[in-house]
Asker: 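Encoded as structure tokens, here's the structure I'll be asking about.
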Amino acid sequence: MKKIAAYLTLLAGCTLMPVQAAEKGTIAILVNSLDNPYYSAEAKGAENKAKALGYSTLVLSHGEDVKRQGELISLVIGRKVQGIVLDNADSQASVAAVQQAKNAGIPVVLINREIPVDGVALAQITHNNFQAGSDVANQFVEKMGETGKYAELTCNLADNNCVTRSQSFHNVIDQYPEMVSVARQDAKGNLLEGKRIMDSILQAQPDIKGVICGNGPVALGAVAALKAAGRTDVTVVGIDGSNDERDAILNGSLYASVMLQAQAIASQGVEILDGYFKSGSYTGKERIMFRGILIDQKNASNVNEFNYKQ
């Protein structure tokens with residue numbers, strides 16, 4: 001009988017934690033793609049913080065598809081989640097999805113991408129893309145000695161973040177008349193397109209001296225093309241700060257990047273939701289910006305999964 005009583009006591013202890021977690025509720029985390037290191041880091045940052053605070057999580061990806069995003073928002077509303085952390089599929093087209101969740105009484109914190117409307121999301125936490133672009137452009141100009149032919153590979157001109165980065169590049173580079181732009185193409189944010197475009201530019205502009213890229217995958221695509229061509233004399237910089245970029249910087253094939261704090265913005269999004277659940281209100285700023293962290297060979301070893309440790 002003593003053994004049975006002890007077993008029942010142990011069983012009761014084992015079932016206690018799930019009951020408590022369920023009482024606190026579930027936070028849904030919606031990002032673009034769990035196969036992409038940046039978005040995966042966002043999901044990881046939000047999930048780790050939510051679990052640390054005692055919430056269950058539901059992690060989903062919309063593939064940058066507005067229709068799919070709408071379906072997932074309806075799904076999580078039906079699942080009666082407490083709140084949503086969302087990296088949206090399209091800034092303008094996502095307003096309706098965020099409003100839908102708000103109308104259902106579910107607060108949404110946006111991360112990475114803003115929407116052009118205030119008062120719909122609880123908070124909008126983004127990166128300072130102008131600062132990130134300016135920092136890496138200054139490094140680029142300095143490394144090139146303020147002169148020479150260069151190409152710009154944008155990350156995705158349908159994304160406002162990428163448009164801002166490109167504007168900040170030119171805000172810096174255009175001050176130097178001997179920096180000559182010989183190509184500007186949209187690589188759609190992916191490595192293979194970056195490599196394909198870089199291959200083409202190398203054939204048309206064999207004396208090119210530098211390449212500035214709107215994100216990490218595009219920069220790594222440019223690096224791959226240059227490596228295949230045996231070109232070690234071309235300076236390449238990017239923005240994102242993935243582990244692959246870190247390694248490319250450490251081996252000298254990528255000169256510099258700016259690490260975006262993917263885990264930190266997602267973690268703060270969960271903290272804002274948690275505070276809202278506890279107090280019933282949020283009195284902080286709706287629009288919050290995180291600075292990017294410039295990385296080169298001196299500090300790249302501090303980067304791991306879009307998290308920077310001194």
Asker: For S94 and Q69, which I'm curious about, is there any donor-acceptor pair between the side chains at under 3.5 Å?
Answerer: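 A donor-acceptor contact under 3.5 Å links the two side chains.
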Asker: For residues 216-228, which side-chain N or O atoms pair as donor and acceptor with protein atoms under 3.5 Å away, sequence neighbours left out?
Answerer:
none

Asker: For a salt bridge (Lys or Arg N to Asp or Glu O under 4.0 Å) check, start with the C-alpha distance between K67 and D65, then their side-chain angles and the critical distance, and finish with the verdict.
Answerer: CA-CA 6 Å; K67 182 180 178 182; D65 183 321; over 6 Å; no
Asker: Does one side chain, of E142 or N138, offer a donor that lies under 3.5 Å from an acceptor on the other?
Answerer: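 Note: E142 and N138 side chains miss the donor-acceptor criterion.
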Asker: Using salt bridge (Lys or Arg N to Asp or Glu O under 4.0 Å), reason through R287 and D118 one step at a time and then give a plain yes or no.
Answerer: CA-CA 9 Å; R287 295 183 186 267; D118 290 330; 2.8 Å; yes
Asker: Tell me, with the steps shown, if R246 and D244 meet salt bridge (Lys or Arg N to Asp or Glu O under 4.0 Å).
Answerer: CA-CA 5 Å; R246 172 201 66 196; D244 287 339; over 6 Å; no
Asker: Residues in side chain to side chain contact (heavy atoms under 4.5 Å, CB included) with Q263, at least two apart?
Answerer: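 Counting only residues at least two positions away or on another chain, Q263 forms a side chain to side chain contact (heavy atoms under 4.5 Å, CB included) with A41, K44, E305, N307.
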Asker: K298: which residues meet the salt bridge (Lys or Arg N to Asp or Glu O under 4.0 Å) condition with it, sequence neighbours left out?
Answerer: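 By the salt bridge (Lys or Arg N to Asp or Glu O under 4.0 Å) rule, K298 matches D296.
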Asker: Using distance alone, with no hydrogens and no angle criterion, decide if R165 and N129 have a side-chain donor and acceptor under 3.5 Å apart.
Answerer: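 Per modelled atom types, R165 and N129 side chains form a pair under 3.5 Å.
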Asker: When you compare the side chains of Q124 and E114, does any donor N or O come within less than 3.5 Å of an acceptor on the partner?
Answerer: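 Q124 vs E114: no donor-acceptor pair found between side chains.
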Asker: Which residues end up grouped with I84 if you chain together Ile, Leu, Val, Met, Phe, Trp and Tyr wherever their side-chain heavy atoms are less than 4.5 Å apart?
Answerer: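 Taking Ile, Leu, Val, Met, Phe, Trp and Tyr as members, I84 shares its hydrophobic cluster with L30, L58, L60, L72, I73, L75, V76, I77, V81, L86, V95, V98, I106, V108, L110, I115, V117, V120.
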Asker: Quick one: list whatever passes salt bridge (Lys or Arg N to Asp or Glu O under 4.0 Å) with D247, sequence neighbours left out.
Answerer: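 Result, salt bridge (Lys or Arg N to Asp or Glu O under 4.0 Å) vs D247: none returned.
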Asker: Examine the side chains of Q203 and D199 and answer whether a donor and an acceptor come within less than 3.5 Å of each other.
Answerer: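 The criterion, which ignores hydrogens and geometry beyond distance, is not satisfied for D199 and Q203.
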Asker: Quick one: does N299's side chain have a donor or acceptor within less than 3.5 Å of a partner on L294's backbone?
Answerer: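 Answer holds: yes.
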Asker: Any side-chain to backbone donor/acceptor pair from T154 onto L157? Under 3.5 Å, distance only.
Answerer: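 Such a contact is absent between T154 side chain and L157 backbone.
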Asker: Look at the rings of Y38 and F306 and say which category their plane angle falls in: under 30° parallel, 30 to 60° tilted, over 60° perpendicular.
Answerer: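 It falls in the perpendicular class, over 60°.
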Asker: Under a 3.5 Å threshold, yes or no: a donor from one side chain and an acceptor from the other, between S253 and N251?
Answerer: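 Side chains of S253 and N251: pair found under 3.5 Å.
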Asker: Flag the pair F169 / F140 as yes when their ring centroid distance falls below 6.0 Å, and as no otherwise.
Answerer: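 No.
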Asker: What pair of heavy atoms forms the shortest contact from I173 to A137, and how long is it?
Answerer: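 Closest heavy-atom pair between I173 and A137: CG1-CB, 4.4 Å.
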Asker: Which value, rounded to the nearest 0.5 Å, describes the distance between I201 atom CD1 and K149 atom NZ?
Answerer: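 Here the rounded value is 12.5 Å.
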Asker: Apply side chain to side chain contact (heavy atoms under 4.5 Å, CB included) to residues T57 and T26 and explain how you reach the verdict.
Answerer: CA-CA 5 Å; T57 58; T26 299; 5.5 Å; no
Asker: Output all residues satisfying side chain to side chain contact (heavy atoms under 4.5 Å, CB included) with N32, sequence neighbours left out; order by chain, then residue number.
Answerer: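 Per chain and number, N32 pairs via side chain to side chain contact (heavy atoms under 4.5 Å, CB included) with Y39, H62, E64.
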Asker: Taking the two cysteines C213 and C155, do their sulfur (SG) atoms come closer than 2.5 angstrom to each other?
Answerer: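 No, no disulfide: SG-SG not under 2.5 Å.
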